[in-house]
Amino acid sequence: MKEYNPEKIEKKWQKKWEEKKTYQAKDKSKQPKYYSLIEFPYPSGDGLHVGHPRPYIGMDVISRKRRLDGLNVLFPIGWDAFGLPTENYAIKTGKDPRVVTKKNTDIFRRQIKSLGVSFDWSREINTTDPKYYKWTQWIFLQFFKHGLAYKAKMAINWCPKDKIGLANEEVVAGCCERCGTPVEKREKEQWMLAITKYADRLYKDLDDVDYLPQIKLAQRNWIGKSEGAEIEFLLNFKKNPKDNERRGPDGKPALIKVFTTRPDTIFGATYLVMAPEHLWITLATDNNHDVLENKEEIKTYIKKVKNKTEIDRTSEGKEKTGVEVKGVVAINPATKQEIPIWVADYVLPQYGTGAIMAVPADDARDKEFAEKFNLAIIENYKKAGMEDYGKKVTKFKLRDWIFSRQRYWGEPIPIINCEKCGLVPVPEKDLPVELPKLTGKIKNYLPTDSGESPLANISKWVNVKCPKCKGKAKRETDTMPNWAGSSWYFLRYADPKNSKAFADPKKLKYWIPVDWYNGGNEHTTLHLLYSRFWHKFLFDLGLVPTSEPYKKRTSHGLILAEGGEKMSKSRGNVINPDEIVKTYGADTLRLYEMFMGPFDQAIAWSEEAIIGPRRFLEKVWKIGEKVSKQKNSSVFTLPGLPGGSYAVQNSSVSKLLNKTIKKVEEDIQDMRFNTAISSMMILATEMDKNENVNKEDYKKFLQILSPFAPHITEELWSRLGEKKSINNSTWPAWDQNLIVDDEIKIVIQVNGKVRAEMIIQSTDQEVKIKDQALKNEDIVKYIAGKEVKKVIYVKNRLVNIVV
RNA sequence: GCCCAGGUGGCGGAAUUGGUAGACGCGAUAGACUCAAAAUCUAUUGAUGGCAACAUCAUGAGAGUUCGAUUCUCUCCCUGGGCACCA
């Protein structure tokens, strides 16, 4: 076997590693633990494309490096398999989502395995497995029992033709993706999780974790902590003087509470604006109240606003709309002036109090609105103190999490609705509440006409006895969002087969927190925040050992198709890794994906460029042939010293090797995989040129390459006579003495422009170097006859002469 | 619109974080080997001018700070991602 034949050696080693359980994490070990984590994939029907493995390979490099560092590494994988695409596919084809999921995970598993990623497959999990979602439901019950899961009326996207609730993604340009009918908003009772109760801690504890700065920033912006004041504006009713007894339509004192981050600008507040959804205006326009002069006009406006998206409503570019609330005015507590009240959709109901004081002199949106509707703008108004007119409060943009889906393919919410007892949790002993199989007459995965989940159609499943009073009751038919299963999956990996608890506390104590979690930027504010929330809740219950789940978080960029577009089946530009593995080998694919560009940035695939990494591996192979032919002439044993053999150092290659070991080590830690590979390419070229490459040097090279290209290095390693796997070896140490150069080339600049080069000794003093530079013959002609104002020396870099 | 990331040769990108812009790879051109081709090897490869030494220009655009700016500041343009029911 002279030629490099990746197909043969890759399959061979993958089989051996599996047999020898090389990558299985040990629950008990004297070695320190290391938990590295990737976001478990959604097994879509399109199969794996070359973008999927990028983060896996990246974290695989980290994990393999950690093993060589002597750590007990947990690097697990599973399937986040509930979700819309599978459900929609099931609706279209009538196939059981379970069958579809099984098929898809089988394909994904085979494909991922073919890349030699060092996952511990013995811990594989699947969120759709009842043994798994039993615990998702169990955690939900804990939320419910602690009052953090509750029901509330929320607006959902509703297609009036298909009569189903739609995900935001299924709404295209305001219309239903399937039938094109304009989408309406519809109020529906939804399960909510009170993530806002944790807003402060989710914000503050970011200080203690090692996330990339932009990830922290994104989370902070999302939580949207702002300090400001709530100020009460008293109302004055015009239509009926009796109303001025300071009683509003809701029976409370007639006032509107606003939230502002700038209470100091109150003297400039010339009108109030309420969100169309504001409770005050809802009540004031209903049939029981008659305080407003233009109720119908306002009601028409509110109806119109209802179907706009939030982005449309708050975009500065879009023209502002609104109506004045006639028949009532507010009194500015600072100026004592009467100011008009408006309803406008640029104010959102969820944030602050759903009402603002408008200061058009200071706020761009208020100004735009005031100019359109001819409202007063005061410039040069007096500034007030922060707490002169209202009390200081902290508000968060973060909203509670809508946790219901009217879908089939999700975890059933384990609640029973009893006519007498109300919402009753399913007893823990009855978990999991399994999804009923759709058999016999019912083969329909569509939601019901009333907008309920398809589960509502299955009366046998729905109708149950109340666990409390044994009376008639019905199961909750809403299911959980796909975010549920992924909010705690990393805990399950610590103990994936446990049937008594979601995980053994001892094992959690050993493995948690996750040491390094890498994932997509698109998950920064949802999944990452949700899972931190669940983890904190479990921590408060004493069920997990840490208040934060992940010590470190980094992100990867997407791989785009050749034109720079997203890869998708519908565009027909998907590249299947199977073909790349077949043509070039898994090691080449791995190297290429790590080499193609910075790990955290989106990058376009290029079929043409893959050949580079392949040529590099051919070269590594060639050097291996050369080295293995050498007799051990370059290794000798020093008499008198125990055991070891001492290599004769080939100084130029050895120096470069030591520099490369250091560089690769540092680059892996910072995920600068592309430059790590580039430095190894330089080393390989150097070894290839050199007649006598020391065997020990070459083996060190194989070791530092092995996290990137595990198959070829394992093969070459064993050919050099090593009996143990390269995985069980130790990362080579670099020698500081071999890294420092004695002679250094520096440049000489005149006025910042490079004019000459010179060689200095590393021991040279600054004065000597400056003097040498001024005397340099190329430099003399540039500075002759000119006054030297300044000479700047940057250590080991340059001398700059300013004339 | 708001928030985030980015814009460097023909292409992907590098630049020790203020210190030689273009490492490494792809592609291209020429040569070696070959009957020939492929593969491989060697050399060249930012632009302009010049026989050459060399000079000038050049990191999205414009300004600023500095001995020195791809890097820092300001203004603007463009691309990608997120915006709460996609995963």
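A note on names: the letters A, B, ... follow the listed sequences, proteins ahead of strands, and every chain is numbered from 1. What you are looking at is a predicted structure, and each value in this text was computed from that prediction instead of being measured.
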K.L.:
For residues 43-56 of chain A, which side-chain donor-acceptor pairs fall under 3.5 Å, sequence neighbours excluded?
P.N.:
from  : atom 1 : to     : atom 2 : distance (Å)
A:S44 : OG     : A:D46  : N      : 3.4
A:H49 : ND1    : A:G51  : N      : 2.9
A:H52 : ND1    : A:H49  : N      : 3.0
A:R54 : NH1    : A:G557 : O      : 2.8
A:R54 : NH1    : A:Q601 : O      : 2.9
A:R54 : NH2    : A:P598 : O      : 2.8
A:R54 : NH2    : A:Q601 : O      : 3.4

K.L.:
How is A:I603 classified with respect to the nucleic acid when contacts are heavy atoms under 4.0 Å: base, sugar-phosphate, or nothing?
P.N.:
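Sugar-phosphate, backbone atoms only, no base.
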K.L.:
Contact class for A:L84 vs. all strands (heavy atom < 4.0 Å): base, sugar-phosphate, or nothing?
P.N.:
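Contact class for A:L84: sugar-phosphate only.
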K.L.:
B:A14, OP1 or OP2 - any side-chain N/O from A:K663 closer than 4.0 Å?
P.N.:
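Negative; the distance criterion is not met.
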K.L.:
What's the closest nucleotide to the A:V754 side chain, out of B:C26, B:A21, B:A55?
P.N.:
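Nearest nucleotide to the side chain: B:A21.
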K.L.:
With distance as the sole criterion, do the side chain of A:N221 and the base of B:C3 form a donor-acceptor contact below 3.5 Å?
P.N.:
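Flag unset: no donor-acceptor pair detected.
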K.L.:
Please tabulate, for side-chain N and O atoms in residues 671-682 of chain A, each donor-acceptor pair with protein atoms closer than 3.5 Å (sequence neighbours left out).
P.N.:
from   : atom 1 : to     : atom 2 : distance (Å)
A:R672 : NE     : A:D667 : OD1    : 3.0
A:R672 : NH1    : A:D670 : OD2    : 3.3
A:R672 : NH2    : A:D667 : OD1    : 2.9
A:T675 : OG1    : A:D667 : OD2    : 2.8
A:T675 : OG1    : A:R672 : O      : 3.1
A:S679 : OG     : A:A676 : O      : 2.8

K.L.:
Taking the side chain of A:W222 as heavy atoms from C-beta outward, which of B:C83, B:C24, B:C85 is closest to it?
P.N.:
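Selected nucleotide: B:C83.
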K.L.:
Apply the side-chain hydrogen bond (donor to acceptor under 3.5 Å, both in side chains) test between A:Y42 and each candidate in A:T86, A:T127, A:N482; give the one that qualifies.
P.N.:
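The option that passes is A:T86.
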K.L.:
Near RNA chain B, counting only heavy atoms under 4.0 Å, which residues of residues 183-191 of chain A show up?
P.N.:
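A:Q190, in order of number.
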K.L.:
Give the nucleotide from the list B:A15, B:C24, B:G82 with an atom nearest to the side chain of A:T675.
P.N.:
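The listed nucleotide nearest to A:T675's side chain is B:A15.
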K.L.:
Can you see if the side chain of A:N751 gets near the phosphate of B:C67 - specifically, an N or O under 4.0 Å from OP1 or OP2?
P.N.:
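No, no such contact exists.
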K.L.:
Is there a side-chain polar atom (N or O) of A:R797 under 4.0 Å from OP1 or OP2 of B:G68?
P.N.:
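So the side-chain polar atoms of A:R797 never come under 4.0 Å of the phosphate oxygens OP1 or OP2 of B:G68.
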K.L.:
What's the closest nucleotide to the side chain of A:V802 if the choices are B:C67, B:G82, B:C85?
P.N.:
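Nearest listed nucleotide: B:C67.
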K.L.:
Using OP1 and OP2 only, check whether a side-chain N or O of A:R755 sits under 4.0 Å from B:A55.
P.N.:
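Yes, A:R755 has a side-chain N/O under 4.0 Å of OP1/OP2 on B:A55.
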